[in-house]
Amino acid sequence: MFSVIKRIVDFSLSLTIIVSLSVIFLLLCIVIKLDSPGPILFKQRRIGKGKSEFNILKFRTMKIDAPNDMPTHLLDKPDAYITRVGKFLRKTSLDELPQLINILKGEMSIIGPRPALWNQYDLIAERDKYKANDVLPGLTGLAQISGRDELPIEVKAKIDGDYVQKKSPGLDSEIFVKTVFSVLKSDGVKEGK
């Protein structure tokens with residue numbers, strides 16, 4: 001029953017946000033296009049529920065010559081690749097908004113473990129230990145409000161597993177509220193400041 005309610009909330013909330021922020025979406029599209037050459041949206045292979053692959057959507061924050069399949073915080077000099085507008089989008093987490101489309105399509109949920117890159121084999125394997133690959137990945141999750149990029153893989157996977165074990169409407173609501181405050185303070189974001 002929880003999964004049915006969660007899907008209804010995911011779909012309804014995502015659609016409401018997309019419609020209410022449509023003017024902001026349009027402005028961001030224009031600014032991204034004017035700031036640097038390349039597409040407005042960035043697509044990247046990620047791991048979804050049951051380790052199926054899907055293309056996550058984000059507003060493009062990096063130059064088109066940036067490495068595509070590496071977490072930004074692991075790049076030698078991430079600032080060399082991040083665009084001027086991209087720095088702002090990352091700091092405010094506005095680059096994540098197109099994932100609302102992934103949520104509408106049923107590839108993601110609002111709350112769940114953040115989807116791993118297809119080649120983050122160590123993270124995927126660790127999540128298997130805790131059944132964290134058995135749920136829809138989320139726009140935000142328990143690990144996001146517990147340290148984000150600063151967490152070691154083993155800790156991140158354990159926290160994702162804790163979410164899977166304890167998931168409930170109350171926990172999802174708590175994560176959502178804490179995410180809002182975390183985004184406002186840019187907690188746990190290591191690159192692109």
Ignoring hydrogens and geometry, is there a side-chain-to-backbone donor-acceptor pair from K166 to G161 under 3.5 Å? no
Return the minimal non-hydrogen interatomic distance between R7 and G106, and the atom names on each side. NH2-N, 3.6 Å
What distance separates K77 NZ from I82 CD1, expressed to the nearest 0.5 Å? 14.0 Å
Please tell me whether V31 and F88 are part of a single hydrophobic cluster in this structure, the criterion being side-chain heavy atoms less than 4.5 Å apart. yes
Minimum heavy-atom separation for I32 and P39, please, with both atom names. CG2-O, 4.3 Å
Please test F25 against L97 for side-chain contact (heavy atoms from CB on, under 4.5 Å), starting from the C-alpha separation and ending with a verdict. CA-CA 8 Å; F25 269 73; L97 285 178; 3.7 Å; yes
Hydrophobic cluster membership, I17 vs I56, 4.5 Å side-chain cutoff: yes
Heavy-atom donor-acceptor pair, D10 side chain to I110 backbone, under 3.5 Å: yes
For R84, is the CZ atom crowded, meaning more than 12 foreign heavy atoms sit under 6.0 Å from it? no
The test is side-chain contact (heavy atoms from CB on, under 4.5 Å); show your working for K167 and F2 and say whether it passes. CA-CA 9 Å; K167 63 183 188 292; F2 172 66; 3.9 Å; yes
For atom NZ of K33, decide whether the heavy atoms of other residues, nucleotides or ligands shown that lie under 6.0 angstrom number more than 12. yes
Any side-chain to backbone donor/acceptor pair from S22 onto V19? Under 3.5 Å, distance only. yes
Which distance, rounded to the nearest 0.5 Å, do you find between the OG of S93 and the NZ of K58? 9.0 Å
Treat each ILVMFWY residue as a node, draw an edge where side-chain heavy atoms are under 4.5 Å apart, and state whether Y121 and F54 are in one component. no
In Å, rounded to the nearest 0.5 Å, how long is the span from CD1 of I103 to OG of S12? 12.0 Å
Short N-O contact, D172 and K6, less than 4.0 angstrom: yes
Supply the atom-to-atom distance D122 CG to Q120 CD, rounded to the nearest 0.5 angstrom. 7.0 Å
Within the side chain of R60, is there an N or O that forms a donor-acceptor pair under 3.5 Å with the backbone of I40? no
Salt-bridged, E96 to R90, with N to O below 4.0 Å? no
Any side-chain to backbone donor/acceptor pair from S52 onto G48? Under 3.5 Å, distance only. no
Within the supplied structure, the quantity of interest is the number of heavy atoms (other residues, nucleotides, ligands) at a distance under 6.0 Å from Y130 OH; does it exceed 12? yes
Would you check if L136 and E107 make a side-chain contact, meaning some heavy-atom pair closer than 4.5 Å? no
So do P115 and I47 actually touch side chain to side chain, heavy atoms under 4.5 Å? no
Are I5 and Y163 linked, directly or through intermediate hydrophobic residues, by side-chain heavy-atom contacts shorter than 4.5 Å (ILVMFWY only)? no
Compare every heavy atom of V164 with every heavy atom of A132, then report the nearest pair and how far apart it is. CA-CG2, 3.7 Å
CD1 on I145 to CD1 on I159, rounded to 0.5 Å: 9.0 Å
Non-hydrogen side-chain atoms of L117 and R45 separated by less than 4.5 Å: no
Considering only NZ, NE, NH1 and NH2 on the basic side and carboxylate oxygens on the acidic side, decide whether E154 and K158 come within less than 4.0 Å. no
Using the side chain to side chain contact (heavy atoms under 4.5 Å, CB included) rule, pick out the option among L142, T140, V9 that qualifies with I111. T140
Determine whether a donor-acceptor pair (N or O, by modelled atom type, separation under 3.5 Å) exists between the side chain of N102 and the backbone of N55. yes
For residues R46 and W118, determine if any side-chain heavy atom of one lies less than 4.5 Å from a side-chain heavy atom of the other. no
Shared hydrophobic cluster for L13 and L100 (ILVMFWY, side-chain gaps under 4.5 Å): yes
Within a strict 4.5 Å, meaning less than it, do heavy atoms of the R114 and M108 side chains meet? yes
How many angstroms lie between atom CD of E174 and atom OG1 of T179, to the nearest 0.5 angstrom? 10.0 Å
Are D65 and Y81 close enough that some pair of their side-chain heavy atoms sits under 4.5 Å apart? yes
Which of T61, I64, T83 passes side chain to side chain contact (heavy atoms under 4.5 Å, CB included) with S36? It is T83
Taking side chain as C-beta onward, heavy atoms only, is F59 less than 4.5 Å from L94? no
Exam field: side chain N133 to backbone I124, donor-acceptor pair closer than 3.5 Å: yes
Can we say D128 and K51 salt-bridge, meaning some charged N sits less than 4.0 Å from an Asp/Glu carboxylate O? yes
